[in-house]
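Since the structure comes first, as structure tokens, the remarks are kept for the end.
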Amino acid sequence: MNLTAENRSIGAENFAAAIASPLLRRDFLMDGIRRGIRSGNGQGAFYFGYEASIEKPVRVGVLGTGDEGSVLIGAINPAFVEIVAIADIRPYNIHRAFHGDWYSEAALAARPGLLAKYGWKSEDEARRHIRVYRHYEELLENERQIEGVIIALPLHLHAPAAIAALRRGLHVFTEKLMGHTVAQCKEMARAARLARRHLATGHQRHYNILYDHAMELIRRGVLGKLHYIRAQWHRGNLPGNDSWQQPMPRSAKPDDALAGTLERELAAWEKKLEALKRDPKASPSEVELWEKRVAQKRAQLADAEIAESVKNWGYQDAVIAGIYRRPAIEELIRWRLWDRTSGGLMAELGSHQLDAASLFIAAAHGGKKQRPLSVAAIANRPIFPPDRDVESHVHCIFEFPAPGYNPDHPVDRLKKITVAYASINGNGWGGYGETVFGTEGTLIVERELEAYLYRTHEVGSKIRVSGTKERPQLELWPEGDPTSATVGQHALMTVTRGYTEELEHWAWCIRRNPEASDPEIRPRCHPEVALGDAVIALTANLAARQGTRIDFKPEWFDPESDATPEGRAPDLARYG
């Protein structure tokens, strides 16, 4: 569709219908989405085409209930997924799994906890329904009635846990990144094929309706020829104030830079709670809030109980750069900071946005997924001391084939789409999002929740959304405040980020295709897709640490090939 001056002459309302109709591709979409929002369930059944219910929820165990595990617990639709067991080493994570995260309104909205999700009144009542294990292997060994597992463990455990579950005949949903190495990802894919079970990976943008709308814009040519994508994830983390460097109990590491933080906070919160209880004007809800916060802080301090025993579960003491002493409990609590347990910025953040870029580029090719051609990257740590061994800044440039690319043609070999990505700490300006540049327009997607579309035919000309949530209208707007150019929140409706939808669809695939034999009924981020995302992120890490350019090889993306960018062949025999 060309957004030319003629479109203006048909009137804003008709223009809105003209552009919205092909984007909202099912007649029942908007009504279905509204019903999904009102019910508190996902929107995927009304948009992606799976059924709005299944006859019986899939019984699952959750392996890892930390930050992301608790987000996934908060995202489940109980009509699709029944959690019957959880496993986590940390007392703090077990507490949050049941009670939710009360440290802020945003945290509680993302991690409401099992009590809120299932309507139980106390943890004692919840434990009559949910069995609790310390280690994931204990859960897998003892739970005979579960049908699948949700894995939100540190990255280095994704492959061992997933393969162990698959060998027990369980379906698997694992958080991103698929695995710690490309070899591990291929081992996971092979194990899933041999087990004839579904293996899904949590790249939730595959289930974000806003991203699907953006892809439709690109497919229909609204942006013209796509030729450049810029993405970033900037965070304001600084030494002493780093979301990846969580405080630990003082006894776990007395000389830590943040030692005593939790203890001081608990003392202050207990004092505030006592004052509220003595205040006749204090509301019961405010007293309850601070009771919940104090209980959560005490649970966080209870991690001191496992400071030595974590070595029994594979976590290690180490000295970083010959300077920084790291006890095993620190490797567990701050696992994203270490190469052995994490993939750093590219695995935790960049993988999501390179996945989004891949979706946009596939849309430019009519929906066909494209492999990247090359990546050049650098990585450094200009702000933080050697209290970690992952980098704090990563900058990458990828080349993807554009439509018409031909490596053997003297002219067409230059038809490429460039993707520039940066993830930094120390300055959060710009937040995170993706900007897609085409010859006819520019599309900006911010925080997975909002999108802006700008025309390039006329200086200052934009698409503007007007009207209400019930009756959205799109119109060409020649001038004005750029912030009014929102074409997002899928036509002004509330956007969900895709967590509920990806779990619903995984459960639906299990019920409709239990042996994973029908390729038409499988999760959108199945092993071949997730492997591709992992190859992109992990190869970028290699290039960044070498400070060089790497050309991608097609066999790296083939789960049946033994070739990997790190040079280690997959071998399922390693898992016994």
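Values reported hereafter were calculated over all heavy atoms of this structure, with side chains retained and with hydrogens, waters and symmetry mates removed.
No side-chain heavy atom of Val62 sits under 4.5 Å from any side-chain heavy atom of Val149. Residues Arg235 and Leu349 have side chains in contact (heavy-atom distance under 4.5 Å, counting atoms from C-beta outward). Inter-residue side-chain proximity for Ser423 and Gln232 is flagged as unmet; no heavy-atom pair is nearer than 4.5 Å. No side-chain heavy atom of Pro559 sits less than 4.5 Å from a side-chain heavy atom of Pro527. Between His395 and Tyr421, every side-chain heavy-atom pair lies at or beyond the 4.5 Å cut-off. Two residues are said to be in side-chain contact when any heavy atoms from C-beta on lie closer than 4.5 Å; Ile151 and Glu175 fail this criterion. Looking at heavy atoms from C-beta onward, Val419 lies out of side-chain contact with Val375 at the 4.5 angstrom threshold. Using a 4.5 Å heavy-atom threshold, the side chains of Ser351 and Ile536 count as separate.
The pair Arg574-Glu187 counts as a salt bridge, with a side-chain nitrogen and a carboxylate oxygen less than 4.0 angstrom apart. A salt bridge links Asp242 with Arg388: the distance from a Lys NZ or Arg NE/NH1/NH2 to an Asp or Glu carboxylate oxygen falls below 4.0 Å. A salt bridge between Glu502 and Arg497 is absent, with no side-chain N of the basic residue lying under 4.0 Å from a carboxylate O of the acidic one. A salt bridge is defined here as a Lys NZ or Arg NE, NH1 or NH2 lying under 4.0 Å from an Asp or Glu carboxylate O, and Lys553 with Asp558 fails to meet this definition. Remark: Arg193 engages Glu560 in a salt bridge, criterion side-chain N to carboxylate O under 4.0 Å. A salt bridge links Asp412 and Lys415; the closest N-O separation between the charged side-chain nitrogens and carboxylate oxygens is under 4.0 Å. Ion pairing between a basic and an acidic side chain is recognised when a charged N comes within 4.0 Å of a carboxylate O; Arg549 and Asp551 show such pairing. Salt-bridge check for Lys176 with Glu348: passed, with a basic side-chain N closer than 4.0 Å to an acidic carboxylate O.
Between the side chain of Arg522 and the main chain of Asp518, no donor-acceptor pair closer than 3.5 Å is present. At least one donor-acceptor pair closer than 3.5 Å links the side chain of Glu566 to the backbone N or O of Ala183. For His365 (side chain) and Pro401 (main-chain N/O), a donor-acceptor pair under 3.5 Å exists by modelled atom type. Panel note: side chain Thr341, backbone His156; no donor-acceptor pair is recorded below 3.5 Å. Side chain of His171 to backbone of His198: a donor-acceptor contact under 3.5 angstrom is found. A donor-acceptor pair under 3.5 Å is absent between the side-chain atoms of Asp212 and the main chain of Glu216, judged by distance alone. At least one donor-acceptor pair under 3.5 Å links the side chain of Arg524 to the backbone N or O of His206. Not one N or O on the side chain of Asp88 forms a donor-acceptor pair closer than 3.5 Å with the backbone of Leu63. A donor-acceptor contact shorter than 3.5 Å is absent between the side chain of Thr418 and the backbone of Glu399. Formation of a donor-acceptor pair under 3.5 Å by the His393 side chain with backbone atoms of Pro382 is not found in this model.
In terms of heavy-atom proximity, Ala402 sits nearest to Ile417 at CB-CG1, 3.7 Å. The two residues Pro519 and Ser517 have their closest heavy-atom pair at CD-O, 3.4 Å. Taking every heavy atom of both residues into account, Asp389 and Arg381 meet most closely at CA-NH1, 4.1 Å. Closest approach of Phe384 and Ser392 over heavy atoms only: CD1-CB, 3.7 Å. Counting all heavy atoms, side chain and backbone alike, Ala214 lies closest to Leu443 at CB-CD2, 3.4 Å. Listed here is the closest heavy atom pair of Ala379 and Glu391: CB-CG, 3.5 Å.
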Margin query: Does Arg545 form a salt bridge (Lys or Arg N to Asp or Glu O under 4.0 Å) with Asp339? I'd like the steps, not just the answer.
Written below: CA-CA 12 Å; Arg545 290 167 181 176; Asp339 280 335; 3.0 Å; yes
Next item on the list: Go through the steps to decide whether Ser374 and Ile550 satisfy the test side-chain contact (heavy atoms from CB on, under 4.5 Å), and finish with yes or no.
Entry: CA-CA 6 Å; Ser374 69; Ile550 295 178; over 6 Å; no
Note to self: Before you tell me yes or no, could you show the steps for Leu345 and Asn425 under side-chain contact (heavy atoms from CB on, under 4.5 Å), namely the whole-Å CA-CA distance, both residues' side-chain angles and the distance that decides it to 0.1 Å?
What the structure shows: CA-CA 10 Å; Leu345 291 169; Asn425 284 275; 4.2 Å; yes
Next item on the list: Please lay out, stage by stage, how Thr181 and Arg568 fare under the test side-chain contact (heavy atoms from CB on, under 4.5 Å).
Entry: CA-CA 9 Å; Thr181 65; Arg568 182 176 184 177; 5.9 Å; no
Notebook entry, point to check: Is there a salt bridge (Lys or Arg N to Asp or Glu O under 4.0 Å) between Arg230 and Glu434 once you walk through the steps?
Noted result: CA-CA 6 Å; Arg230 184 180 66 208; Glu434 303 87 37; over 6 Å; no
Note to self: Is there a side-chain contact (heavy atoms from CB on, under 4.5 Å) between Val436 and Thr442? Walk through the geometry before answering.
What the structure shows: CA-CA 6 Å; Val436 185; Thr442 306; over 6 Å; no
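Considering CH2 of Trp556 and OG1 of Thr539, their distance stands at 5.0 Å, rounded to 0.5 Å. The distance from atom CG of Asn237 to atom CG of Asn427, rounded to the nearest 0.5 Å, is 11.5 Å. Distance check, rounded to the nearest 0.5 Å: CD of Gln353 to CD1 of Ile229 gives 11.5 Å. Note that CD of Gln370 is 12.5 Å distant from CG of Leu359, once rounded to the nearest 0.5 Å. In this structure, CD on Glu440 lies 13.0 Å from CG on Leu217, to the nearest 0.5 angstrom. The distance from the CG atom of Leu226 to the CZ atom of Phe400 is 11.0 Å, given to the nearest 0.5 Å.
A cation-pi arrangement is present between Arg326 and Trp338, with the terminal nitrogen or guanidinium carbon under 6.0 Å from the aromatic centre and inside a 45° cone about the axis.
Residues forming a ring-ring contact (aromatic ring centres under 6.0 Å, His included) with His505 (at least two apart in sequence, or on another chain): Tyr50, Tyr207, Trp508. Remark: Tyr432 pairs with Trp233 by the ring-ring contact (aromatic ring centres under 6.0 Å, His included) rule, at least two apart or across chains. By the ring-ring contact (aromatic ring centres under 6.0 Å, His included) test, Phe437 pairs with Tyr228, sequence neighbours left out.
Between His180 and His158, the distance separating the two ring centers is not shorter than 6.0 angstrom.
There is a side-chain donor-acceptor pair under 3.5 Å between Tyr324 and Glu330. In this model, no donor atom of one side chain and acceptor atom of the other lie less than 3.5 Å apart for Asn93 and Thr65.
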